[in-house]
Amino acid sequence: MNPRHQRTLVTAALPYANGPIHLGHLAGAYLPADIYCRYQRLAGRDLVFVCGSDEHGVPILLKARKEGVDPQQVVDRYHAMIEKAFAAFGMSFDYYGRTTDPLHRETSQEFFRTLADKDCFVLKTESQLYDPKAGIFLADRFIRGTCPGCAYEEAYGDQCEKCGRSLSPADLLRPRSALSDAVPELRETTHWYLPLGRFQDKLSAWVGDKKDWKPNVLGQVKSWLADGLNDRAVTRDLPWGVPVPADVARKAGVDAEGKVLYVWFDAPIGYISATRRWAEAQGDPELWKDYWCSEDSKLVHFIGKDNIVFHCLIFPAMLMAHGGFVLPDNVPANEFLNLEGDKLSTSRGWAVWLHEYLEDMPADYLRYALATTLPEGRDTDFSWKDYQARVNNELADTLGNLANRTLTFAKRYFEGRVPPLENPSEADRALLAGLDGLPERVGELLETYKMREALSEIMGLAREGNRYFNEQKPWVTRKEDRRTCGNTIHAALQLVASLSVLLDPFIPFSCASLRGMLGFEGLRNSALREDEEARIHWADAGRPLLEEGAVLGKPEILFHKVEDSYVEAQLKKLEATRQDSAEGSGENAGGDDGEEDIPEFAPLIGFEDFQKLDLRVGKILEADRVKKSKKLIRCLVDLGREKRQILAGVAEFLDPEDLIDQQVIVVANLAPRKMLGLESQGMILMAEGPDGRLSPLRADAAPGSVVR
RNA sequence: GGCGGGGUAGCUCAGUUGGUGAGAGCGCAGGAUUCAUAACCCUGAGGUCGACGGUUCAAGUCCGUCCCCCGCUACCA
C-alpha cells in the first residue's frame with residue numbers, strides 16, 4: 001500500500017437491475033473486489049466498499065412495458081433479488097445502494113449542475129424520432145419494427161436481437177413506437193454533450209503515469225486515446241431516469257420536459273451517492289468526502305472488461321470536469337469467464353445464476369472454485385467438473401482433511417486442548433518459521449490484484465501442513481514420545497489457525513466455522529469496517545495464534561464432497577437450455593446473444609402490399625468476395641432483361657462457389673444501395689437454418705421469370 | 001478490414017524488466033502410509049512454449065511476417 005494513501009474506497013460495478021447475478025459477474029468484478037476488501041479490513045486498513053443496483057435505462061423501461069408494470073416494480077424486484085443473493089454469497093459491501101434512491105438523484109443532478117455551471121457541456125440540436133401519441137422522443141432502442149434482415153418484427157431501432165445485426169431506426173420496416181405503437185415522426189430535440197476531446201490531453205497524461213495497471217486495461221485505454229475522443233451525449237429523451245435539473249435547462253434555454261441523464265452518466269455517480277448513504281448511516285453525513293475528495297484517499301474500481309472505457313476515461317473525465325474528486329488509483333478489470341467452453345449468454349440461458357446455485361450449495365465452494373480460475377489475465381473457463389475437482393481435491397481433501405485430522409487427533413489424544421510446545425524439533429520450528437512472512441507475501445499479491453496467485457500460495461501452506469503431519473507421524477510418536485507428538489499437534493494446530501485467517505477473504509464462512517472448531521477468537525471481522533473487540537489482524541497469521549492449553553471446539557467436517565450426481569444434474573440443466581435455444585432458428589453461427597426461437601409471423605398485409613414486390617428468377621453468373629469485407633459477396637445476376645450487380649451479406653456462411661451458376665430468387669425492384677463503394681441493385685433471397693446457415697432459394701425457371 | 005487481448009504439458013492455467021535444466025493444480029503410472037472426509041505424502045512419465053524468419057553470447061520472454069481463437073468496430077438491401 002502506497003504510504004500516501006490513508007484510506008481506500010473500493011467500488012464494484014453496479015449490476016444492472018433487469019436480471020439476476022450470474023457467475024460471469026462474480027468472476028469479473030464482485031469476487032475479486034470482495035477478496036480485496038476483506039483482506040484490507042483484516043489488515044486493519046480504513047476502507048469503504050460500495051456498490052448498488054443500476055436501475056435506469058431503456059432495457060428496464062422496455063421490460064416494464066412488456067410486463068405491463070411500472071419500471072419501479074421491475075427494479076424493486078431485481079434489486080431485492082440481487083441484494084439478497086450478494087449477501088448470501090458473502091459480499092461484504094459497507095453499503096449497497098440503488099440509483100432510484102432520491103439521494104442519488106440529488107447527487108447526480110448536483111453533479112450535472114456543476115458541470116453545466118462550469119460550462120463543461122456543449123448543446124446540440126438534432127432531429128430524432130418522436131412518438132406523437134406518448135408525447136416523447138424515442139431512443140433508438142425505443143423504436144420497434146421488422147428487421148429487414150430476418151423479418152423479426154420485434155427488432156430494436158439500434159439492433160435486431162434476433163439476428164444480431166446492427167440497425168438504425170430508419171432501417172426498420174414498419175417502424176413503431178415501443179411505447180404506444182404509434183408511427184414515429186422526426187422532430188428536433190436538444191441534448192447536452194460532454195466534449196471528451198477537451199480532456200484528451202489530461203487523460204493521456206494521467207493514464208501515462210499508470211505503470212501498475214493491468215496490460216489488458218492499459219491496452220484498451222491507450223487504443224481509445226489514440227483514436228481520439230468524441231463528444232458523448234449525456235442526456236436522453238426518456239420517461240425513466242434522473243431528470244435533467246429544471247434550473248439548468250432553463251438557463252440553457254431548453255425545455256427539460258421528458259429529458260433525463262443518460263444512464264451511463266448517472267450510474268458511476270451511484271458510487272458517490274452510495275458512499276454518501278453510507279456516511280449518513282455512520283452518523284456523519286460529510287464523511288464521504290474523506291474518501292472522494294481527499295488526495296490521500298485511494299479509489300479502486302473493480303469491473304469487467306466491458307466497462308473499461310467508462311471507468312478509465314469517461315468517468316475520470318467527468319470527475320476532472322467536476323473538480324475536487326480523486327481519480328481512480330487503479331481499475332483492475334477482469335476478462336470474461338466462459339462456461340463449459342462457451343461464452344455466457346443471458347438470453348440463451350447459458351449461465352449459472354447465483355441465486356439458484358445458492359439454493360443447493362454453499363457460497364464458499366463457489367467462491368473457492370471461482371477464485372482459482374478468475375480471468376485476471378485472459379478469458380478463463382468454468383466447468384462443473386472443475387468445480388467439483390477444486391472442491392473435492394483442494395477444499396475437502398487438502399484443507400478440510402488437514403483441519404479434520406489435526407483437530408480429531410487433538411480431541412482424542414490431548415483432551416481437546418492445544419498441547420504445549422516443548423523443546424521443539426528442527427522440523428517443528430521450521431514449520432512455524434514458515435508462517436512468518438507469509439501474510440506479508442500474500443498481502444503483497446492481494447494488493448496488486450493477483451488473487452489467484454495469493455490463493456495458491458496459501459493452499460501451498462495447507463499442503464505443507466499435510467506433509468509435515470505425515471513426516472512427523474504423530475500416530476507413532478503418540479505411543480513412544482508423547483512430548484514430540486504434542487509438539488507436532490501444536491504446530492499443526494497453529495498452522496490451521498493461520499490458514500483460517502489467510503483464507504478468510506476467500507472463504508469467509510468456512511474460516512469462521514473453522515475458527516469455531518479451533519476455539520480461536522479475537523480476529524477482526526473481515527466483513528466489518530470497524531471491529532472494536534478485535535485484537536488479531538492479518539499480520540498475526542505469521543505467528544502462533546493459539547495459546548497452549550486452550551480448549552478446542554468440536555471438530556466437524558468443514559467441506560463435503562461434491563457428488564457426481566450434482567455435477568451431472570448441473571450439466572444436464574445447462575444442456576437443456578442449450579437444446580431449447582438451438583431448436584429455434586437464429587442467426588449467428590458463432591452463437592452470439594439473441595433469442596433463437598422461430599420468429600413470430602409478421603402482421604398481415606394486403607395483397608396489394610405483396611404486389612409491390614417484384615420477385616424474379618435470376619441466374620448467378622459471377623460471385624466473388626468483396627475485398628476488405630468480412631460479409632459481402634458481389635454477384636452478377638442475369639435477370640433475363642438485364643444483368644445486375646447484387647451484394648449479398650453472406651460471406652460468413654457461404655463461399656462464392658456455392659452461388660455461381662445457381663438459379664435464385666431476386667427482389668428486383670428494391671432500391672439500389674451503395675456499400676463499400678459498390679452498388680447493390682437488388683437482393684437475393686436466402687433461407688436461414690437453425691444454426692444460422694444460409695442457403696439461397698433456388699428456382700427452376702428461366703432467368704427473368706416472375707415469381708408470385 | 002481496423003483496433004485491443006490471447007495461442008505454454010491430456011485438461012484448466014502461472015510464467016515480472018530476455019540468463020542456472022520451462023512451472024502449478026488436476027488427470028495418468030508407480031511407491032509409501034493408516035491419525036484423517038477411500039483422505040494425506042513421495043517419485044515418475046508427458047511440452048518443437050501457434051508457424052517461419054531476425055536481433056543477441058543467450059528468447060516462451062525483444063523485432064518482423066503469417067496462421068488460428070476472443071472482444072470492440074466497419075459494409076449484412
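Below, all heavy atoms of this structure are taken into account, side chains as well, without hydrogens, waters or symmetry copies. In what follows, chains are A, B, ... by sequence order, proteins preceding strands, each numbered from 1. Remember, it's a predicted structure, so these values are computed and weren't measured experimentally.
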Distance check needed: U12(B) P versus M459(A) CE, whole Å only. 21 Å
Determine the Euclidean distance between corresponding P atoms of C41(B) and G27(B); express it in Å to zero decimal places. 12 Å
Tell me whether the side-chain N/O atoms of R378(A) come closer than 4.0 Å to OP1 or OP2 in A14(B). yes
Expressed as a whole number of angstroms, how long is the span from R390(A):CZ to C26(B):P? 9 Å
Geometric class of the F559(A)/Y365(A) ring pair [parallel <30°, tilted 30-60°, perpendicular >60°]: tilted
Touch check for E453(A), heavy atoms < 4.0 angstrom, all strands: base, sugar-phosphate only, or nothing? nothing
Using whole Å, report how far NZ of K385(A) lies from P of G25(B). 19 Å
Length of the line joining Y368(A):OH and G25(B):P, which is rounded to integer Å: 11 Å
Whole-Å distance separating the CZ atom of R634(A) from the P atom of G1(B): 19 Å
By the 4.0 Å heavy-atom rule, please label A648(A) as base, sugar-phosphate, or nothing. sugar-phosphate
Measure up the Y387(A) and Y566(A) rings against each other and bin them: parallel (under 30°), tilted (30 to 60°), perpendicular (over 60°). tilted
Distance under 6.0 Å and angle within 45° of ring axis: R482(A) vs F414(A): yes
Check whether any side-chain heavy atom of L438(A) lies under 4.5 Å from a side-chain heavy atom of S498(A), and answer yes or no. no
Select from I684(A) and T373(A) the residue whose nearest nucleotide in RNA chain B is closer to the 5' end of that strand. T373(A)
At under 4.0 Å between heavy atoms, which parts of nucleotides 28-41 of chain B does protein reach? Answer with one letter per nucleotide, 5' to 3': B base, S sugar-phosphate only, - none. -----SSBBB-SBB
